[in-house]
Amino acid sequence: MNVKNNIEANRLTFWEELYLPEIARGLGLTLRRMFKPKMTRQYPEERWEPTGSYRGRPVLVEEDGTERCVACGLCSRVCPALAIEVQAADTELNKERFPVKFEINMLRCIYCGFCEEVCPEEAIVMSKDYELVFASQEEAIMDKPRLLTPVAVLQDRLEFLRQYR
Ligand code: SF4
Ligand code: SF4
């Protein structure tokens with residue numbers, strides 16, 4: 001009985017069976033859109049500049065020629081995708097330890113931002129970089145030199161984090 005009622009309810013009306021009103025409606029919509037300003041961006045000539053709230057590729061903050069990171073390993077432990085590998089070593093600099101090895105596997109990263117959230121030193125932040133192309137799996141593993149980004153480039157994101165923390 002229910003099946004029969006459903007069939008009755010889903011039956012098309014005369015006008016719906018003709019399809020012509022819907023085609024006319026579609027053409028009308030296209031016509032209206034034709035005279036509105038274009039929304040298409042001519043990428044890569046016209047690049048999109050994200051705001052500070054954007055979560056792109058995670059990077060290591062570089063300040064005074066060195067990384068802020070103290071190799072505590074919190075980011076690595078919190079990462080749900082197990083994308084971060086940190087190896088610590090002692091240092092003579094003004095901190096106890098530094099990351100002798102720091103890698104992020106960008107094939108695993110899901111851009112959740114947990115690493116950034118948990119870091120006690122504001123040493124790892126989500127950058128504005130969204131242009132990620134890799135020719136091999138090895139190329140997608142970002143080592144420390146590729147992760148280090150000058151603090152001046154990351155000001156937008158750092159200010160955004162301070163505002164909402
Ligand atoms: S953004 Fe998320 S998935 Fe990517 S490295 Fe950080 S914690 Fe891991
Ligand atoms: S980036 Fe931050 S959380 Fe990760 S090891 Fe370095 S100091 Fe610790």
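Order of appearance sets the numbers: ligands from 1, and atoms from 1 within every ligand. Values below: all heavy atoms of this structure, side chains included; hydrogens, waters and symmetry mates excluded.
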> Closer than 4.0 Å to some heavy atom of I84 - which atoms of ligand 1 meet that?
5 (S)
> Using the rule side-chain contact (heavy atoms from CB on, under 4.5 Å), only one of V61, L60, L161 pairs with L154; which is it?
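Answer after filtering V61, L60, L161: V61.
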> According to the interplanar angle, ranging from 0 to 90°, do the rings of W48 and Y130 count as parallel (below 30°), tilted (30 to 60°) or perpendicular (above 60°)?
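Aromatic pair W48/Y130 classed tilted.
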> Provide the number and element of each atom of ligand 1 under 4.0 Å from a heavy atom of M126.
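By the 4.0 Å cutoff, the relevant atoms are 1 (S).
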> Considering heavy atoms of the protein only, find what lies nearest to atom 6 (Fe) of ligand 2 and give residue, atom and distance to 0.1 Å.
C69 SG, 2.3 Å
> Can you name the atoms of ligand 1, numbered from 1 with element, that are less than 4.0 Å from a heavy atom of I110?
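Atoms satisfying the 4.0 Å criterion: 3 (S), 4 (Fe).
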> When you measure from atom 2 (Fe) of ligand 2 to every protein heavy atom, which one gives the shortest distance, and what is it?
C119 SG, 2.4 Å
> Starting from atom 5 (S) of ligand 2, what is the nearest protein heavy atom, named by residue and atom, and what distance separates them?
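Nearest neighbour among protein heavy atoms for atom 5 (S) of ligand 2, to 0.1 Å: G73 N, 3.2 Å.
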> Could you tell me, atom by atom, which parts of ligand 2 come under 4.0 Å of a heavy atom of I124?
1 (S)
> To the nearest 0.1 Å, how far is atom 4 (Fe) of ligand 2 from its closest protein heavy atom, and which atom is that?
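In this structure, atom 4 (Fe) of ligand 2 has C75 SG, 2.3 Å as its nearest protein heavy atom.
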> Output the list of atoms in ligand 2 that are nearer than 4.0 Å to some heavy atom of A71, sorted by atom number.
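Those atoms are 5 (S), 6 (Fe).
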> What residue and atom, counting heavy atoms only, is the protein's closest point to atom 8 (Fe) of ligand 2, and at what distance?
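Residue, atom and distance for the closest contact: C72 SG, 2.2 Å.
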> Going by heavy atoms, is V118 under 4.0 Å from ligand 2?
no
> I104 versus I124: any side-chain heavy-atom pair under 4.5 Å?
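SC-SC contact between I104 and I124 confirmed.
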> For a distance under 2.8 Å, tell me if C109 has an N/O/S atom near atom 8 (Fe) of ligand 1.
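Of the N, O and S atoms in C109, none lies under 2.8 Å from atom 8 (Fe) of ligand 1, which means no.
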> At less than 4.0 angstrom from any non-hydrogen atom of Y111, what atoms of ligand 1 do you find?
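Numbered from 1, ligand 1 contributes 1 (S), 4 (Fe).
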> Specify the protein heavy atom at minimum distance from atom 7 (S) of ligand 2: its residue, its atom name, and the distance to 0.1 Å.
V70 N, 3.4 Å
> So that I can check it, does any N, O or S atom in C112 come closer than 2.8 Å to atom 2 (Fe) of ligand 1?
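So C112 does bind atom 2 (Fe) of ligand 1 by this criterion.
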